[in-house]
Amino acid sequence: MNYLYYAMELAVENVQQGGSPFGAVLVLEGEVISTGVNLHHRCYDVTTHAEIEAVRKAQHKLQTDDLSACTMYASGMPCPMCLAAMYFVGIRNVYYAQTLEEAETVGLGTSKQIYSDLAKESAQWHIHMVHVPTSHPEDPMKLFQQMKGE
């Protein structure tokens with residue numbers, strides 16, 4: 001099976017249903033584990049990108065946070081949010097069909113700005129980030145460490 005072609009088919013179907021041109025196929029040992037398309041046009045949730053939807057479905061199906069043995073096939077180069085999700089679950093191999101430049105030509109150019117910002121120091125990002133140390137009687141990081149037994 002041509003997984004990239006399948007991702008493109010999902011993207012085309014999504015556009016035909018009023019969505020954006022993105023589809024994703026997540027494969028484990030030659031088997032399609034899950035697929036996804038951008039759904040934010042239906043549920044007004046910007047995190048419902050194709051790759052994240054495929055990751056969510058796979059995690060639920062396999063009951064794991066480790067998808068390092070999986071390969072992602074995406075119709076377009078994953079955005080920084082999707083890329084981060086793939087980092088969090090350990091996906092190391094991603095194949096994509098269309099570039100950020102191609103997305104820009106149809107008005108979908110946010111990813112390039114984010115990738116550019118991430119290459120800079122946080123003080124130079126488009127979004128103003130401020131670290132405000134705050135004390136609390138129970139430190140959530142230490143509590144997490146204790147709960148894990150470390």
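Side chains are part of it too, since the values below use all heavy atoms of this structure and drop only hydrogens, waters and symmetry mates. Quantities reported herein were computed from a predicted structural model and do not represent experimental measurements.
For the side-chain hydrogen bond (donor to acceptor under 3.5 Å, both in side chains) with Gln59, the qualifying choice from Asp65, Asp66, Thr64 is Asp65, the only one to do so.
Atom CE of Met86 and atom OG1 of Thr71 lie 11.5 Å apart (nearest 0.5 Å). Here the CD-OG1 distance, from Glu9 to Thr35, works out to 12.5 Å after rounding to the nearest 0.5 Å. Note that the CE atom of Met141 and the CG atom of Leu143 stand 11.0 Å from one another [nearest 0.5 Å]. Rounding to the nearest 0.5 Å gives a distance of 10.0 Å between CZ of Arg56 and NE2 of His49. For the atom pair CG of Asp139 and CD of Gln145, the computed distance is 9.5 Å after rounding to the nearest 0.5 Å.
Clustering ILVMFWY residues whenever any of their side-chain heavy atoms sit less than 4.5 angstrom apart, transitively, puts Leu83 in the very cluster that holds Leu100. Cluster annotation: Ile114 and Met81 are assigned to distinct hydrophobic clusters (Ile/Leu/Val/Met/Phe/Trp/Tyr, side-chain heavy-atom contacts under 4.5 Å, transitive). Cluster membership check: Tyr96 does not share its hydrophobic cluster with Met8, using side-chain heavy-atom separations under 4.5 Å among Ile, Leu, Val, Met, Phe, Trp and Tyr.
Counting heavy atoms from C-beta outward, Met72 and Val55 have side chains that approach closer than 4.5 Å. A 4.5 Å side-chain heavy-atom check between Gln113 and Leu118 finds every atom pair outside the cut-off. Residues Lys112 and Glu101 are in side-chain contact: their nearest non-hydrogen atoms beyond the backbone lie under 4.5 Å apart. For the pair Ile91/Leu26, a side-chain contact is recorded, criterion being any heavy-atom separation below 4.5 Å from C-beta on. Side-chain contact between Ser111 and Met77 is absent, with no heavy atoms from C-beta onward closer than 4.5 Å.
His136 places a side-chain N or O within 3.5 Å of a backbone atom of Glu138 that can act as its donor or acceptor partner. Listed for the Thr110 side chain is no donor-acceptor partner under 3.5 Å among the backbone atoms of Leu108.
Nearest heavy atom pair, residue Val94 against residue Pro78, reads CG1-CG, 3.9 Å.
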Run the side-chain donor-acceptor check on residues 12-23: report pairs under 3.5 Å with partners two or more places apart or on a different chain.
unit_1 : atom_1 : unit_2 : atom_2 : d
Asn14  : ND2    : Ser20  : O      : 2.9
Asn14  : ND2    : Asn38  : O      : 2.9
Gln17  : OE1    : Arg42  : NH2    : 2.6
Ser20  : OG     : Asn38  : ND2    : 3.4

Contacts under 3.5 angstrom, residues 123-130 side chains, donor-acceptor by atom type, not counting sequence neighbours:
unit_1 : atom_1 : unit_2 : atom_2 : d
Trp125 : NE1    : Asp117 : O      : 2.6
Trp125 : NE1    : Lys120 : O      : 3.3

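A side-chain donor-acceptor contact under 3.5 Å links Glu102 and Thr99.
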### Task
Go through Lys61 and Ser34 one step at a time and tell me if the side-chain contact (heavy atoms from CB on, under 4.5 Å) criterion holds.
CA-CA 8 Å; Lys61 180 178 184 176; Ser34 61; 5.9 Å; no
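Phe88 CZ: 12 or fewer foreign heavy atoms inside a 6.0 Å radius.
Here Val32 is tied into one hydrophobic group with Met1, Tyr3, Leu4, Tyr6, Leu10, Val25, Val27, Val37, Leu39, Tyr73, Tyr95, each link being a pair of ILVMFWY side chains closer than 4.5 Å.
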